[in-house]
Amino acid sequence: VQKYDMWHSSNFTGIDYVEYIPDEVIREISEAEIQWIRNLYESFEFRRIRKRFIEIYCDLKDERSFDARTKLVSESRSLLNILQ
């Protein structure tokens, strides 16, 4: 996974990403599930969402205005709503 120079929240209950997947999890995922994850991850819609998420968090890294930060965080939290 490519690392980006962007802001990361400091709330450990909502970790933005992890650097590894525990072996216990890997063993429980079937090949069909891995293919499903890969297809979703590489889909046009998910790539668009991922790109916008990265843009938002890169902006948050340098943004100091409370109102602007609130708007950006709110947008980031709504990005996946389109998939529901």
Side-chain angles (χ1 to χ4, degrees):
V1 174
Q2 180 178 350
K3 289 189 177 186
Y4 294 90
D5 184 19
M6 59 191 223
W7 179 77
H8 296 282
S9 67
S10 60
N11 181 349
F12 290 113
T13 64
I15 296 175
D16 292 332
Y17 66 93
V18 293
E19 294 183 2
Y20 71 97
I21 300 174
D23 291 338
E24 299 83 7
V25 173
I26 295 291
R27 284 193 298 269
E28 295 299 320
I29 301 174
S30 71
E31 275 303 315
E33 290 167 327
I34 290 171
Q35 190 58 45
W36 176 81
I37 292 167
R38 183 175 290 119
N39 288 341
L40 179 61
Y41 187 79
E42 294 172 357
S43 71
F44 171 78
E45 197 60 38
F46 200 80
R47 283 183 291 145
R48 186 186 66 75
I49 292 167
R50 185 170 57 246
K51 180 178 184 281
R52 181 61 188 140
F53 180 88
I54 292 166
E55 290 169 351
I56 289 170
Y57 279 79
C58 285
D59 289 347
L60 282 168
K61 185 172 98 28
D62 298 318
E63 183 58 62
R64 298 294 169 237
S65 163
F66 179 79
D67 291 338
R69 290 182 67 79
T70 299
K71 184 178 176 184
L72 288 166
V73 169
S74 179
E75 181 185 351
S76 76
R77 291 181 176 160
S78 70
L79 287 172
L80 294 176
N81 291 348
I82 196 168
L83 300 177
Q84 295 179 357

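- Side chain of Arg50 to backbone of Tyr41: a donor-acceptor contact under 3.5 angstrom is found.
- A 4.5 Å side-chain heavy-atom check between Ile82 and Phe46 finds every atom pair outside the cut-off.
- Put simply, CZ on Arg52 and CZ on Arg48 are 10.0 Å apart, with the number rounded to the nearest 0.5 Å.
- Proximity of a side-chain donor or acceptor of Arg69 to a complementary backbone N or O of Leu60 within less than 3.5 Å is detected.
- Linking Ile, Leu, Val, Met, Phe, Trp and Tyr whenever their side-chain heavy atoms come within less than 4.5 Å puts Ile21 and Ile34 in one cluster.
- Around CD of Glu45, the count of heavy atoms belonging to other residues, nucleotides or ligands within 6.0 Å exceeds 12.
- Ile56 contributes atom CD1, which lies 10.5 Å from atom NZ of Lys71 (distance to the nearest 0.5 angstrom).
- Nearest heavy-atom pair, Glu28 versus Glu33, reported as atom, atom and distance to 0.1 Å: O-OE1, 3.7 Å.
- At distances below 3.5 Å, at least one donor-acceptor pair connects side-chain atoms of Thr70 with backbone N or O atoms of Phe66.
- For the side-chain contact (heavy atoms from CB on, under 4.5 Å) with Arg77, the lone residue among Val73, Asn81, Leu80 that qualifies is Val73.
- The distance from the CD1 atom of Ile49 to the CZ atom of Phe44 is 10.0 Å, given to the nearest 0.5 Å.
- Residues Glu75 and Asp59 are not in side-chain contact: their nearest non-hydrogen atoms beyond the backbone lie 4.5 Å or more apart.
- For Ser43 (side chain) and Leu40 (main-chain N/O), a donor-acceptor pair under 3.5 Å exists by modelled atom type.
- Residue Gln35 qualifies as enclosed at atom CD: its count of foreign heavy atoms under 6.0 Å is above 12.
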